[in-house]
Student: 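Below you'll find the structure I mean.
Numbers restart at 1 for each chain; the letters A, B, ... are given by sequence-line order, proteins then strands. What you see is a predicted model, and the numbers here were worked out from it, not measured in a lab.
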2 protein chains.
Amino acid sequence: MADENSIFIGGKPFMNYVTGVVMQFTTKGAEEVIVKARGKFISRAVDVAEVSAKRFLAEQVQVKGIKIDSEDFENKEGREVRVSSIEITLGKK
Amino acid sequence: MADENSIFIGGKPFMNYVTGVVMQFTTKGAEEVIVKARGKFISRAVDVAEVSAKRFLAEQVQVKGIKIDSEDFENKEGREVRVSSIEITLGKK
């Protein structure tokens, strides 16, 4: 899947992301959009996916798959930290 | 699946939940454990599932399925609020 179909969730206003998802499906004609997030933004990614699929694109789009993962890395203090991530694939019905 | 195999993630110390998951599989011999959360605790549920499956029960347990959902309800002020939820099923390999 091309990267342009991914929406990476961060700290911008919530509706920016929902609009981004909706535009991918409508004006850009995407068949699938992947909503991605790491760490504390995972909850928000689920919100974005649910609001997009159930409120704005109801009858048209559904959750096609969900993957979670995590990776270890060293933070600035040299401590090992595990950060989780999620990828939610939305697709046309 | 019986309710006793579900772990509902909230604001308790992180390792309480990981220990809960590990104990279900080890001392209680569960074949599957479902990690559940709503709202802001969704990120934490992913962390609990990842740490349980990859650090404490590596080689034994893996993510078998993930579901997300959301429901509308009215808050105290009479405003409609949508709250997302997640269910992560961990199972023996």
Student: Is any NZ, NE, NH1 or NH2 atom of the basic residue among B:Asp72 and A:Lys54 found under 4.0 Å from an Asp or Glu carboxylate oxygen of the other?
Tutor: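 No, this pair does not count.
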Student: Can you confirm whether B:Met15 is buried at CE, in the sense that more than 12 heavy atoms of other residues, nucleotides or ligands lie under 6.0 Å from that atom?
Tutor: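 Yes.
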Student: Can a donor-acceptor pair be found, under 3.5 Å and without considering hydrogens, that links the side chain of B:Ser70 to the backbone of A:Glu50?
Tutor: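 Absent.
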Student: For A:Ser85 and B:Val46, which heavy atoms make the closest approach, and how far apart are they?
Tutor: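 Minimum heavy-atom contact is O-CG1, 4.2 Å.
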Student: Could you work out, with salt bridge (charged side-chain N to carboxylate O under 4.0 Å, His left out) as the rule, every residue matching B:Arg38, not counting sequence neighbours?
Tutor: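 Counting only residues at least two positions away or on another chain, B:Arg38 forms a salt bridge (charged side-chain N to carboxylate O under 4.0 Å, His left out) with B:Glu71.
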Student: Taking all atoms of both residues into account, what is the closest heavy-atom pair of A:Ser43 and B:Ser43, and its distance?
Tutor: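 Looks like OG-OG, 2.7 Å.
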Student: What part of A:Val63 lies closer than 4.5 angstrom to a heavy atom of chain B: side chain, backbone, both or neither?
Tutor: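 Contact with chain B involves the side chain of A:Val63 alone.
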Student: Sort out for me which of B:Asp47, B:Ile42, B:Ile68, B:Ile88 touches chain A most, counting heavy-atom pairs under 4.5 Å.
Tutor: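 The residue among B:Asp47, B:Ile42, B:Ile68, B:Ile88 with the greatest pair count is B:Ile68.
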Student: Quick check: are there more than 12 heavy atoms from other residues, nucleotides or ligands sitting under 6.0 Å from NZ of A:Lys12?
Tutor: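 No, NZ of A:Lys12 has 12 or fewer neighbouring heavy atoms, counting only those of other groups under 6.0 Å.
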Student: Only counting residues at least two apart or in another chain, list the ones meeting salt bridge (charged side-chain N to carboxylate O under 4.0 Å, His left out) with B:Arg55.
Tutor: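 Testing B:Arg55 for salt bridge (charged side-chain N to carboxylate O under 4.0 Å, His left out), a comparison that skips the adjacent residues, returns none.
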Student: Take a 6.0 Å sphere around NZ of A:Lys40 and say whether it holds more than 12 heavy atoms from other residues, nucleotides or ligands.
Tutor: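 Atom NZ in A:Lys40 is not packed in, count stays at 12 or less.
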Student: Taking atom NZ of B:Lys92 as the centre, does the number of heavy atoms from other residues, nucleotides or ligands within less than 6.0 Å exceed 12?
Tutor: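 Correct, the count exceeds 12.
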Student: Where does A:Ala49 contact chain B at under 4.5 Å (heavy atoms): side chain, backbone, both or neither?
Tutor: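 The answer is the side chain of A:Ala49.
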Student: Kindly indicate, with the supporting measurements, whether the criterion side-chain contact (heavy atoms from CB on, under 4.5 Å) is fulfilled by A:Ile86 and B:Ile86.
Tutor: CA-CA 12 Å; A:Ile86 196 166; B:Ile86 197 166; 4.3 Å; yes
